[in-house]
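Below is one structure; the comments refer to it alone.
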Amino acid sequence: MPELPEVENARRCLLRASLPGRTFKGADIGWAKTVKRPDLEGFVLGLRDATVSDVLRKGKYILVPLRVEDGTPTLIIHLGMSGGLSVDDASSPEPPLVRHRFPLDDGRVMRFVDGRKFGKLWLVNDPAKVLPSLSPDPLGDGFTAEGLEASLAGRRAPIKALLLEQSVSAGIGNLYADESLYLAGIHPERAGADLGPEEIARLRESIFQALTEGVAVYDRARDELWPNAPRALTAWTIPRKEGESCPRCGAEMAVTRVRARTTWFCPAHQI
DNA sequence: AGTACGTCCTGATCGC
DNA sequence: TGCGATCAGGACGTAC
């Protein structure tokens, strides 16, 4: 489920819950395969008496730098397809599908909901060693049309598939890929290398616009969304339903599959 | 290298 | 209403 706006919302929820400054008392891992590094025992032991310094985001990854007695490891969380985080009183009723619990020193607990078990956890000293290659953050200054053009050069795959690569546009997922291409007026099956500089500039701007609006929707929702349920708000404008028409030009929306991912687009203005 | 496909998982939804 | 089939917003390993 989560793309950049959902992950950013999760991060802000953790900050609003004043996670920084709190200390993990350990971890209760309900599905061992979620822990990628180190082994389960090392992971749980490593979180004991680890104090949170900050909550950061890189693409769809949440980074939680920690202070322990003899170092500064980082907890890395990926929400996968169905993940969500909350911080509640330990005695509060637990929502369904909580897989992992991280008890805190103040009587609260960070809960990791993950229905499909595609979430991932790491506890490492050097995050760079486990994170894949990620583009500059599309919401930051580093994500330029020139950089995007360079990463599309020579690529024959459909632009929709390329946008899903985190090395091309970190944080984009299936929905925001469709949304960005819709806003830019670009057909999802165009080969990446066939896009001209003007189209790429438009695409960069559309990605920024779509993600910015996505983050804003969650920010406006604030407390209503707490705890951070694994359900997205509809920050995008594309109808994703049979028979609906394009809000911009009225044509009937079309659906296809790109790399086995459902892809909605307007056949009239996305060319 | 770049591309395409199968796989990991379970809950929700759809069609009969 | 019930039930099997299909679908879901991610990403990685593998094979060509």
Side-chain angles (χ1 to χ4, degrees), chain A residues 1-11 29-37 57-62 76-85 94-100 112-122 129-135 138 150-182 188-195 207 210-211 213-215 217-218 221 225 228-243 255-265:
Chain A
M1 144 229 150
E3 303 183 38
L4 187 149
E6 288 76 29
V7 177
E8 177 62 19
N9 178 59
R11 183 182 83 87
I29 299 300
W31 183 252
K33 287 168 82 171
T34 301
V35 174
K36 297 302 173 185
R37 200 169 295 194
R57 181 185 56 76
K58 264 184 178 290
K60 296 174 195 167
Y61 296 81
I62 295 173
I76 305 177
I77 305 170
H78 194 291
L79 298 174
M81 198 84 104
S82 55
L85 295 167
E94 199 164 80
L97 307 178
V98 171
R99 307 290 186 197
H100 319 293
F112 189 169
V113 171
D114 186 17
R116 289 177 77 180
K117 299 178 175 171
F118 286 168
K120 295 183 176 73
L121 291 165
W122 298 260
K129 285 222 168 79
V130 298
L131 291 178
S133 164
L134 300 169
S135 80
S151 56
L152 298 182
R155 304 293 304 268
R156 303 307 307 170
I159 182 64
K160 162 74 184 275
L162 297 176
L163 286 182
L164 293 176
E165 292 184 11
Q166 300 303 292
S167 56
V168 173
S169 42
I172 294 276
N174 198 40
L175 293 188
Y176 284 92
D178 283 1
E179 181 77 8
S180 303
L181 290 167
Y182 174 91
E189 289 172 314
R190 291 269 304 282
D194 288 349
L195 299 188
I207 290 169
L211 293 175
E213 177 57 20
V215 170
V217 164
Y218 284 100
L225 205 70
N228 179 36
R231 177 173 299 277
L233 297 180
T234 51
W236 50 91
T237 56
I238 307 187
R240 302 181 71 82
K241 233 170 100 185
E242 203 65 50
V255 64
T256 182
R257 294 184 85 81
V258 175
R259 291 279 217 288
R261 311 301 297 279
T262 305
T263 300
W264 289 90
F265 66 102

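Predicted model only: the values in this text are computed from it and were never measured. Keep in mind that the numbers below use all heavy atoms, side chains included, and drop hydrogens, waters and symmetry copies. Letters A, B, ... are given to chains in the order of the sequence lines, protein chains preceding strands, and every chain is numbered from 1.
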Roughly how many Å is it from [atom1] in [X] to [atom2] in [N], rounded to a whole number?
X	N	atom1	atom2	value
A:Tyr218	C:dG9	OH	P	13 Å
A:Asp114	B:dA12	CG	P	14 Å
A:Leu152	B:dA1	CG	C1'	16 Å
A:Lys241	C:dA8	NZ	P	15 Å
A:Phe112	B:dC9	CZ	C1'	13 Å
A:Leu163	C:dG9	CG	P	15 Å
A:Leu121	B:dC8	CG	P	20 Å
A:Asp178	C:dG9	CG	C1'	10 Å

If you check the [X] side chain, which of [options] turns out closest?
X	options	result
A:Glu6	C:dG9, B:dC8, C:dA8	C:dG9
A:Phe118	C:dG9, C:dA8, B:dC8	B:dC8
A:Lys33	C:dA8, B:dC9, C:dC12	B:dC9
A:Arg116	B:dT10, C:dG9, C:dA11	B:dT10
A:Leu97	C:dA8, B:dG11, B:dC9	B:dG11

Provide the full list of salt bridge (charged side-chain N to carboxylate O under 4.0 Å, His left out) pairs with a residue in residues 164-173 of chain A, sequence neighbours left out, each pair given once.
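Qualifying pairs: A:Arg155-A:Glu165.
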Distance, [atom1] atom - from [M] to [N], rounded to whole angstrom:
N	M	atom1	value
B:dC14	C:dG9	P	14 Å
B:dC5	C:dC7	P	16 Å
C:dT6	B:dG6	P	15 Å

Within the 3.5 Å criterion, strictly below it, is a donor on A:Thr34 or A:Arg99 matched to an acceptor on the partner's side chain?
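No donor-acceptor contact under 3.5 Å links the two side chains.
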According to side chain to side chain contact (heavy atoms under 4.5 Å, CB included), who are the partners of [X], at least two apart in sequence or on a separate chain?
X	result
A:Lys33	A:Trp31
A:Phe118	A:Met81, A:Arg116
A:Ala191	A:Arg156, A:Asp194
A:Ser151	A:Leu148, A:Val168

Contacts of A:Lys60 that satisfy side chain to side chain donor-acceptor pair (under 3.5 Å) - sequence neighbours left out:
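None.
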Using the test side chain to side chain donor-acceptor pair (under 3.5 Å), find all partners of A:Arg240 that sit at least two apart in sequence or belong to another chain.
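With sequence neighbours excluded, A:Arg240 shows a side chain to side chain donor-acceptor pair (under 3.5 Å) to A:Asp178, given in chain and number order.
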Distance test, side-chain N/O of A:Lys60 to OP1/OP2 of C:dA11, below 4.0 Å
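So the side chain of A:Lys60 is within the cut-off, an N or O lying under 4.0 Å from OP1 or OP2 of C:dA11.
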If the cut-off is 4.0 Å, is A:Ser82 near the phosphate of C:dG9, judged by side-chain N/O to OP1 or OP2?
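Answer is no, no contact under 4.0 Å.
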How close do A:Pro5 and A:Val215 get, counting heavy atoms only, and between which atoms?
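That would be CB-N, 3.8 Å.
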Contact state string [nucleotides 2-7 of chain B, B base, S sugar-phosphate only, - no protein heavy atom under 4.0 Å]
SSB---
Dot-bracket encoding per residue of DNA chain C, Watson-Crick/G-U cut-off under 3.5 Å, | denoting interstrand:
.|||||||.|||||||
On the 0 to 90° scale, with breaks at 30° and 60°, tag the A:Trp122-A:Tyr61 ring pair as parallel, tilted or perpendicular.
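Plane angle between 30° and 60°, so tilted.
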